[in-house]
Amino acid sequence: MALNSKIPSGPIDSKWTTYKSTCKLVNPANKRQIEVIVVGTGLAGASAAASLGEMGYKVKAFCFQDSPRRAHSIAAQGGINAAKNYQNDGDSTYRLFYDTIKGGDYRAREGNVHRLAEVSANIIDQCVAQGVPFAREYGGLLSNRSFGGTQVQRTFYAAGQTGQQLLIGAYQGLERQISLGNVTMYSRHEMLDIVKIDGKARGIIARNLVTGELERHFGHAVLLCTGGYGNVFYLSTNAMGSNVTAAWKAHRQGAYFGNPCFTQIHPTCIPVSGDHQSKLTLMSESLRNDGRIWVPKAKGDNRKPTDIKEEERDYYLERRYPAFGNLVPRDVASRAAKERCDAGYGVGSSKMAVYLDFASAIERYGKVEAHKEGLQNADKATIYNFGKNVVKEKYGNLFEMYEKITGENPYEVPMRIYPAVHYTMGGLWVDYELMTTVPNLYALGEANFSDHGANRLGASALMQGLADGYFVIPYTLGNNLADDIRTKSIPTDHPAFVAAEKVVNDRIQKMMNIKGKESVESFHKRLGKIMWDKCGMGRNEKGLKEAIEEIKALRKEFWSNVRIPGEVNEYNPELDKAGRVADFLELGELMCIDALQRKESCGGHFREESQTDEGEALRDDENFMYVAAWEFKADSQYELHKEVLEYEVVHPSARSYK
Amino acid sequence: MQHYTMNLTLKVWKQKNCKTKGAFETYKVSNISSEMSFLEMFDVLNEQLVAEGKEPIAFDHDCREGICGMCSMYIDGRPHGPWHQTTTCQLHMRQYKDGDTIVVEPWRSNSFPVIKDLVVDRTSFDRIIAAGGYISVNTGNAVDANCLPIEKDKADESFAAASCIGCGACVAACPNTSAMLFVSAKVSHLALLPQGDPERKVRASNMVNQMDKEGFGSCTNIGACEAECPKGISLENIARLNREYIGSVFG
Ligand SMILES: Cc1cc2nc3c(=O)[nH]c(=O)nc-3n(C[C@H](O)[C@H](O)[C@H](O)COP(=O)(O)OP(=O)(O)OC[C@H]3O[C@@H](n4cnc5c(N)ncnc54)[C@H](O)[C@@H]3O)c2cc1C
Ligand code: SF4
Ligand code: FES
């Protein structure tokens with residue numbers, strides 16, 4: 001099938017306006033007859049379900065947690081971007097558009113990204129109207145901070161809990177629609193397949209996670225808002241339950257998967273402390289403004305960091321990147337840390353960590369404060385106390401979280417940090433209307449591939465999730481469903497529902513009947529290790545080819561030796577997890593296949609064969625300026641379709657940090 | 001920080017579902033690292049149980065960062081365990097020493113029926129929010145965000161109340177199983193903002209009515225909720241709710 005991205009014609013800044021004023025509409029009486037299934041209640045799903053409910057559609061929403069308020073979006077820390085230009089520092093829709101395209105290393109679609117920038121300002125208005133308590137200045141107006149990859153202050157925030165506040169806002173809107181009867185909520189439910197009738201998505205099979213029963217749900221359209229798949233690496237900053245199952249089932253049913261190998265690895269996370277590690281915790285990027293990153297100059301140096309003298313330390317980012325120092329972009333910082341640890345210079349008990357040291361910042365701030373107080377010859381202790389207070393004011397909550405987890409006081413000993421998987425730019429391929437290659441099946445939020453190219457800028461995922469749910473899908477869904485108003489609700493005893501349920505049930509039974517010896521968790525860990533070692537921060541042909549074979553072998557082992565305790569018809573988290581890991585075992589292979597075909601380096605995708613003499617990522621626009629959209633043919637068989645990217649407005653150039 | 005390992009005895013509540021009676025079971029775990037989180041210690045126990053061909057213990061969790069509000073263990077008589085303002089998932093094993101016995105139960109409240117083992121049903125909280133915990137504004141109706149300046153102190157106070165994670169520890173801590181801290185946090189979050197003003201009376205009364213319908217107990221100002229709340233939600237919110245509620249009934 002040829003890919004049609006359906007980007008409206010015309011100048012970039014009028015595409016969306018034209019689309020909105022010419023798209024088809026569904027009148028209110030007809031909306032009441034149309035049922036929409038929304039899977040996922042994160043920022044994308046909750047905002048979509050609430051908005052569609054308000055418009056009059058009959059909505060059913062699903063999530064696997066016990067409440068829609070607990071979707072992974074709740075954990076986002078830093079903030080949300082919007083081109084408001086409240087700081088009068090030269091921001092504009094165009095600038096946000098440009099920064100996002102460039103930050104994505106020229107692998108995103110111009111049309112989509114411009115629309116994102118256009119609606120960004122409405123998001124902030126909407127959230128404030130709902131009562132989201134964003135940070136404010138003393139004058140009562142909204143406050144902004146700056147984030148990586150931009151030169152303006154356009155990030156809105158609520159302390160270090162921006163995701164929580166935005167999600168609570170959307171969740172409240174959703175609960176309001178639930179109380180009005182426009183939305184029916186199914187929590188502790190997991191979608192396990194989509195149901196297609198005459199080629200269109202017309203429903204889902206979901207499992208009630210409390211009783212284990214399978215349920216059939218009809219919808220004129222199905223929206224997948226099911227988040228990212230970073231947990232294919234086992235360890236990531238994602239919540240424990242985040243998974244690819246919904247997207248993967250859709251993929252197997254004909255939805256193409258876009259750029260599956262594009263993964264963002266964040267440089268500053270609390271490192272793994274042992275084999276027991278279950279997840280990784282992010283330490284905000286902002287810390288690199290004041291922290292200096294180093295490792296000992298001597299291999300395997302086991303002394304306490306405070307005993308290692310200045311001249312025995314290697315501030316490797318400052319050494320390798322004198323111009324940017326500790327503030328190089330995320331992917332560069334991550335790769336450099338890995339390089340030092342792999343070479344044997346890592347610190348901490350696992351040796352897979354580097355130091356992020358605030359001692360010189362404390363001293364620097366301390367001197368300034370002492371000076372302000374008129375103390376010219378202040379002693380060390382006085383300077384330290386002054387400096388510590390300044391650092392505390394800026395980063396207190398992060399330092400506290402670090403101390404809770406590690407038991408170490410980061411004011412006194414340097415933090416230990418290491419890169420971790422954080423976000424997946426890849427996802428289901430969608431057109432301008434957010435529809436996948438399966439008619440009537442949509443993907444919103446992190447679950448789609450659309451707006452971030454090969455690298456996402458900080459504070460842009462929250463923006464995209466809410467843009468998709470509040471401002472895009474309400475228009476694009478109607479444009480399609482206007483042709484569907486004569487389709488009556490299809491009863492769920494239709495053969496397609498029966499058949500789909502049988503497929504799901506057979507798979508569950510098959511898994512339960514293996515009765516092998518190895519736990520689900522153990523398989524997940526082993527997959528994560530293959531992915532991290534061979535499809536992680538650095539990728540090469542040999543490693544990827546090995547990984548593909550190793551994953552196939554592991555998948556075979558899983559299907560012959562996994563042990564799932566308990567019963568099908570009860571609350572059984574081990575069974576839930578088994579289904580998710582089984583899907584990760586297929587996705588992992590496709591990610592490696594995708595990474596293998598993309599012989600260039602771009603954004604978070606670093607092919608070791610494609611680097612400059614200085615070890616920097618080398619893009620190949622001539623051969624790879626396309627979206628890789630994969631079609632599922634059969635197990636281990638995928639066909640590549642290319643959506644060539646055309647840049648009409650921005651001219652791609654090499655990103656340089658030197 | 002000196003790391004160490006320990007052997008522990010765990011007495012954990014096991015209950016097949018809401019229709020059966022539960023009981024404590026005793027487990028031994030060994031070689032637990034002081035660097036683990038409390039839930040990672042449970043992961044170790046569960047892996048051990050799976051290896052022995054037994055059923056693992058069911059417990060709720062997701063973010064493991066103290067923000068989603070999903071984790072919910074009642075540890076040695078305290079919701080979320082011994083650390084001040086800390087969720088179960090952020091409690092770490094360096095709190096314990098070799099040979100300790102730890103007792104773990106689910107939240108206990110008729111309004112939070114047990115689903116299995118340590119997992120309870122908290123959908124009553126969602127229904128309380130659905131009864132009025134929102135501002136009635138449809139998508140696309142908003143005016144420019146800076147048209148409405150809000151005093152920084154008010155905004156900060158509203159944010160503090162809005163940081164409730166909906167975990168239910170306040171209910172589990174309360175001898176009356178009252179949900180007043182949770183309800184008051186939401187009422188305060190919205191009542192402190194001018195956007196929330198038009199609906200403040202009806203919101204308070206609808207939410208309180210729903211809370212009563214769900215069977216939560218009444219508040220007698222004991223204050224255990226505030227002491228155990230992982231997010232430091234203040235009792236002042238309850239005072240504010242009482243004013244709002246009285247306002248709604250007599251105003
Ligand atoms: C620690 C951390 C910090 C971050 N900070 C920021 C930040 O500061 N700014 C920013 O812009 N971005 C940030 N991000 C990224 C951002 O949080 C996410 O990309 C975004 O929240 C994803 O939202 P979503 O709605 O697409 O999906 P999610 O919030 O992940 O929601 C997924 C939903 O789908 C449901 N679901 C999934 N599968 C199924 C299924 N099979 N059946 C039923 N339901 C299902 C889940 O229950 C859930 O409701 C951060 C990410 C992390 C990990
Ligand atoms: S008030 Fe505190 S204890 Fe109660 S639900 Fe909210 S965060 Fe949990
Ligand atoms: S697991 Fe999310 S708060 Fe504990």
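Just so we're on the same page: letters track the sequence lines, and every chain starts at 1.
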Check whether more than 12 heavy atoms from other residues, nucleotides or ligands sit under 6.0 Å from atom NZ of B/K154, and answer yes or no. no
Between A/K20 and A/Y475, is NZ or CZ placed under 6.0 angstrom from the six-membered ring centre and within 45° of the ring axis? yes
Quick one: what part of A/D66 sits under 4.5 Å from any heavy atom of chain B, side chain, backbone, both or neither? both
Need one label for B/I150: side chain, backbone, both or neither, based on atoms under 4.5 Å from any heavy atom in chain A. both
Check whether B/I165 gets within reach of chain A through its side chain, its backbone, both or neither, counting any heavy atom under 4.5 Å. both
B/S72 and B/C167, any side-chain heavy atoms less than 4.5 Å apart: no
Between A/E137, A/H72, A/Q165, which residue shows the highest count of heavy-atom pairs closer than 4.5 Å to chain B? A/Q165
Measure the CG-CG distance between A/N243 and A/N231 for me, rounded to the nearest 0.5 Å. 8.0 Å
Proximity breakdown for A/Y171 and chain B, heavy-atom pairs closer than 4.5 Å: side chain
Pick one of side chain, backbone, both or neither for A/I270, based on which atoms fall under 4.5 Å of a heavy atom in chain B. neither
Considering only heavy atoms, which portion of A/S349 lies under 4.5 Å from any heavy atom of chain B: side chain, backbone, both, or neither? side chain
The interface call for B/V143 against chain A, heavy-atom contacts under 4.5 Å, is backbone
Residue from A/Q130, A/Q164, A/E518, A/E570 scoring the most non-hydrogen pairs under 4.5 Å with chain B is A/Q164
Any idea which of B/T123, B/I115, B/L193 has the most non-hydrogen atom pairs under 4.5 angstrom with chain A? B/I115
Who passes side-chain hydrogen bond (donor to acceptor under 3.5 Å, both in side chains) against B/N206, sequence neighbours left out? none
Does this structure show an ion pair linking A/R69 with A/E175, if we count only N-O contacts that are shorter than 4.0 Å? no
Toward chain A, the part of B/D60 with a non-hydrogen atom under 4.5 Å: side chain
Taking side chain as everything from C-beta outward and backbone as N, CA, C, O, which of these in B/V120 sits under 4.5 Å from a heavy atom of chain A? Side chain, backbone, both or neither. backbone
Using a 4.5 angstrom heavy-atom cutoff, name the option from A/Q172, A/K517, A/E574 with the most pairs to chain B. A/Q172
Donor-acceptor under 3.5 Å (A/Y402 side chain, A/R416 main chain): yes
Specify which of B/H92, B/Q195, B/Q90 makes the most heavy-atom pairs with chain A at under 4.5 Å. B/H92
Sidechain-backbone polar pair: A/S73 side chain, A/L43 backbone, donor-acceptor under 3.5 Å: yes
Do you know which of A/R176, A/H276, A/E54, A/M240 has the most heavy-atom pairs with chain B at a distance under 4.5 angstrom? A/R176
Contacts of type side-chain hydrogen bond (donor to acceptor under 3.5 Å, both in side chains), residue B/N146, not counting sequence neighbours: none
Below 4.5 Å, heavy atoms only, C-beta onward: do B/H80 and B/I75 meet side chain to side chain? no
Looking only at heavy atoms and a cut-off of under 4.5 Å, which of A/K304, A/M185, A/Q126 has the most pairs with chain B? A/Q126
May I ask you to test the A/R563-A/S519 pair for a side-chain heavy-atom distance under 4.5 Å? no
Quick one: side-chain hydrogen bond (donor to acceptor under 3.5 Å, both in side chains) partners of B/Q85, sequence neighbours excluded? none
Any carboxylate oxygen within less than 4.0 angstrom of a Lys/Arg side-chain nitrogen, looking at B/R64 and B/D43? yes
Under a 4.5 Å cutoff for heavy-atom pairs, which residue among A/S278, A/G241, A/S179 has the most contacts with chain B? A/S278
If one checks every heavy atom of A/K515 against chain B at 4.5 Å, the contacting part turns out to be neither
Are B/F112 and B/F125 near enough that their ring centres are under 6.0 Å apart? yes
For B/Q95 and B/W83, test the side chains for any donor-to-acceptor distance below 3.5 angstrom and give the result as yes or no. yes
Could you have a look at B/N46, B/D144, B/L190 and say which one has the most heavy-atom pairs with chain A under 4.5 angstrom? B/D144
Within residues 31-38 of chain B, contacts to chain A at heavy-atom distances under 4.5 Å involve B/S33, B/E35, B/M36
